[in-house]
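Before any comments, here is the structure.
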Amino acid sequence: MGGQPRIVVTVTSEGVVSAETRDVLGDDCLDYIAVLEDLLAARTVRSAYTADHDRAAVVARQEQRDVERA
């Protein structure tokens, strides 16, 4: 089961910035690229999908029905 969606930003001692979305499923992660570029005043050089991209959201559905006895 997934957790709360979040972004992990890492800055190395050389000043290299990397970011990774966690628990953001499917193509929703792509929405964060422009946001991060604006926040960091940076440009995306390289990107790749994480395992969360192919993971599907689990939707729990429960129904209650009245059934007549035969």
Side-chain angles (χ1 to χ4, degrees):
M1 180 173 280
Q4 190 73 0
R6 62 185 193 248
I7 299 171
V8 177
V9 178
T10 306
V11 182
T12 67
S13 59
E14 293 83 24
V16 176
V17 179
S18 64
E20 179 180 340
T21 58
R22 303 239 174 113
D23 295 315
V24 179
L25 306 181
D27 286 339
D28 290 346
C29 61
L30 300 175
D31 296 337
Y32 290 92
I33 293 174
V35 173
L36 287 167
E37 287 180 337
D38 288 344
L39 287 173
L40 300 169
R43 168 176 73 82
T44 301
V45 175
R46 180 179 52 227
S47 67
Y49 292 118
T50 65
D52 287 338
H53 181 264
D54 294 328
R55 204 173 75 189
V58 176
V59 178
R61 183 176 166 191
Q62 183 177 4
E63 291 184 21
Q64 183 175 357
R65 296 183 184 197
D66 292 328
V67 178
E68 290 184 29
R69 291 187 175 241

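The figures that follow rest on heavy atoms only: side chains count, while hydrogens, waters and symmetry mates do not.
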Which residues share a side-chain contact (heavy atoms from CB on, under 4.5 Å) with Ile33, sequence neighbours left out: Leu30, Glu37, Thr44

Exercise: identify the closest heavy-atom pair between Arg6 and Asp23: NH1-OD2, 4.0 Å

Shortest non-hydrogen contact from Val24 toward Pro5: CG2-CB, 3.8 Å

Residues that Val9 engages under side-chain contact (heavy atoms from CB on, under 4.5 Å), provided they are two or more places apart: Ile7, Val17, Ala19, Leu36

Residues in side chain to side chain donor-acceptor pair (under 3.5 Å) contact with Thr10, at least two apart in sequence or another chain: none

For Arg46, all residues meeting side-chain contact (heavy atoms from CB on, under 4.5 Å), sequence neighbours excluded: none

Cluster companions of Val35 among Ile, Leu, Val, Met, Phe, Trp, Tyr (side-chain spacing under 4.5 Å): Leu39

For Asp27, all residues meeting side chain to side chain donor-acceptor pair (under 3.5 Å), sequence neighbours excluded: His53

